Amino acid sequence: MIPLTPNDAKVLARALRSGLEPHLTLSHGQALDVLARMAGLADWNALAATYHKPGFGSPMPILRVQDAALARQFYVDWLGFSIDFEHQFEPGLPLFVGVSRDDAALGLSEHHGDGTPGSVVWIPTRALTSYRDVLMASPAGSQRPGIDRDAPGGPTMTIIDPFGNELRFCEPNG
């Protein structure tokens, strides 16, 4: 387990020291080194350096939706995504909803400048046939998506949301 911040690591190191006393006494630096080794690194200096490396997180495609309630029905009730957060500057203004399922995260935005209707999102999917079967059995969905087994990259199921955005669920080859 890698702590979220250097301060988190220091809190965990204090907890480790406290939990081991009186059976074993560690200095704070030794406890930090133990945490680093648990994360697969040589020492605390190597762990601390990882907090300052440039890097990227997972992208979140933003899809334009015109009706957040209809988007919830489609993405949550039918496709099985979960709502991670909602943001609205004040009542009556456009809503931005973050949804996810496993490692896939999408932003659904009523804001005029966010996303373009008709966007395409490619979503790697495990057990595509099983997922399709669940969708087909759900009373919440009105589409009957097929699976293109000859699609480039692997079998692909294409679903179009109520706003014209295309979701390509693909089970990658290999």
Side-chain angles (χ1 to χ4, degrees), residues 1-9 38-41 47 49-174:
M1 167 180 64
I2 296 178
L4 299 176
T5 67
N7 286 338
D8 291 338
M38 289 173 59
L41 300 168
L47 179 60
T50 66
Y51 295 117
H52 302 291
K53 285 184 182 176
F56 298 97
S58 297
M60 174 189 277
I62 299 174
L63 301 175
R64 176 79 160 92
V65 301
Q66 289 79 22
D67 180 339
L70 182 57
R72 264 191 218 97
Q73 289 174 350
F74 182 81
Y75 284 92
V76 176
D77 298 343
W78 188 44
L79 295 182
F81 281 72
S82 298
I83 295 176
D84 295 330
F85 65 88
E86 294 183 349
H87 179 266
Q88 190 173 36
F89 286 105
E90 60 183 65
L93 290 181
L95 186 64
F96 186 94
V97 180
V99 298
S100 66
R101 180 169 179 155
D102 299 321
D103 294 333
L106 301 171
L108 309 175
S109 180
E110 290 180 320
H111 292 267
H112 178 71
D114 286 352
T116 302
S119 294
V120 176
V121 178
W122 187 85
I123 303 171
T125 307
R126 293 178 300 278
L128 181 62
T129 301
S130 297
Y131 182 53
R132 179 186 178 274
D133 292 345
V134 168
L135 295 179
M136 296 290 280
S138 171
S142 60
Q143 296 184 41
R144 315 282 301 156
I147 296 177
D148 178 358
R149 302 220 176 267
D150 297 320
T156 301
M157 174 178 66
T158 300
I159 295 176
I160 299 176
D161 79 4
F163 316 101
N165 299 301
E166 187 173 307
L167 306 171
R168 294 182 187 163
F169 296 91
C170 179
E171 189 165 7
N173 291 327

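Everything numeric here is computed off the predicted structure, so don't read it as measured data.
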What verdict does the side chain to side chain contact (heavy atoms under 4.5 Å, CB included) test give for Arg149 and Thr129, after you've listed the backbone C-alpha separation in whole Å, the side-chain angles of each residue and the deciding distance to 0.1 Å? CA-CA 10 Å; Arg149 302 220 176 267; Thr129 301; 3.1 Å; yes
Mind listing the closest non-hydrogen atom pair of [X] and [Y] along with its distance?
{"X": "Gly154", "Y": "Cys170", "answer": "O-SG, 3.6 Å"}
{"X": "Pro61", "Y": "Pro59", "answer": "CD-O, 3.8 Å"}
{"X": "Gln66", "Y": "Pro117", "answer": "NE2-CG, 3.9 Å"}
{"X": "Glu171", "Y": "Ala127", "answer": "OE2-N, 3.5 Å"}

Any donor-acceptor pair under 3.5 Å linking the side chain of [X] with the backbone of [Y]?
{"X": "Trp78", "Y": "Leu135", "result": "yes"}
{"X": "Asp102", "Y": "Ala104", "result": "no"}
{"X": "Glu166", "Y": "Thr158", "result": "no"}
{"X": "Arg168", "Y": "Thr156", "result": "no"}
{"X": "Thr125", "Y": "Ile123", "result": "yes"}
{"X": "Asn165", "Y": "Ser119", "result": "yes"}

Can you tell if the side chain of [X] reaches within under 4.5 Å of the side chain of [Y], non-hydrogen atoms only?
{"X": "Asp161", "Y": "Leu108", "value": "no"}
{"X": "Gln73", "Y": "Tyr75", "value": "no"}
{"X": "Asp67", "Y": "Phe74", "value": "no"}
{"X": "Ile147", "Y": "Tyr131", "value": "no"}

From [X] [atom1] over to [Y] [atom2], what is the distance, rounded to the nearest 0.5 angstrom?
{"X": "Arg126", "Y": "Leu128", "atom1": "CZ", "atom2": "CG", "answer": "12.0 Å"}
{"X": "Met157", "Y": "Gln143", "atom1": "CE", "atom2": "CD", "answer": "9.5 Å"}
{"X": "Ile159", "Y": "Phe169", "atom1": "CD1", "atom2": "CZ", "answer": "5.0 Å"}

Set of residues satisfying ring pair (Phe, Tyr, Trp, His ring centres under 6.0 Å) with respect to Phe163, sequence neighbours excluded: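 Applying ring pair (Phe, Tyr, Trp, His ring centres under 6.0 Å) to Phe163 gives none.
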Before you tell me yes or no, could you show the steps for Leu70 and Val65 under side chain to side chain contact (heavy atoms under 4.5 Å, CB included), namely the whole-Å CA-CA distance, both residues' side-chain angles and the distance that decides it to 0.1 Å? CA-CA 9 Å; Leu70 182 57; Val65 301; over 6 Å; no
Ignoring hydrogens and angles, write down the donor-acceptor pairs under 3.5 Å from the side chains of residues 90-101, residues two or more places apart or on other chains.
residue: Ser100; atom: OG; partner: Asp84; partner atom: OD1; Å: 3.0
residue: Ser100; atom: OG; partner: Asp84; partner atom: OD2; Å: 2.8
residue: Arg101; atom: NH1; partner: Leu79; partner atom: O; Å: 2.7

Please check if atom CZ in Phe89 has more than 12 non-hydrogen atoms from other residues, nucleotides or ligands closer than 6.0 Å.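 Incorrect, the count does not exceed 12.
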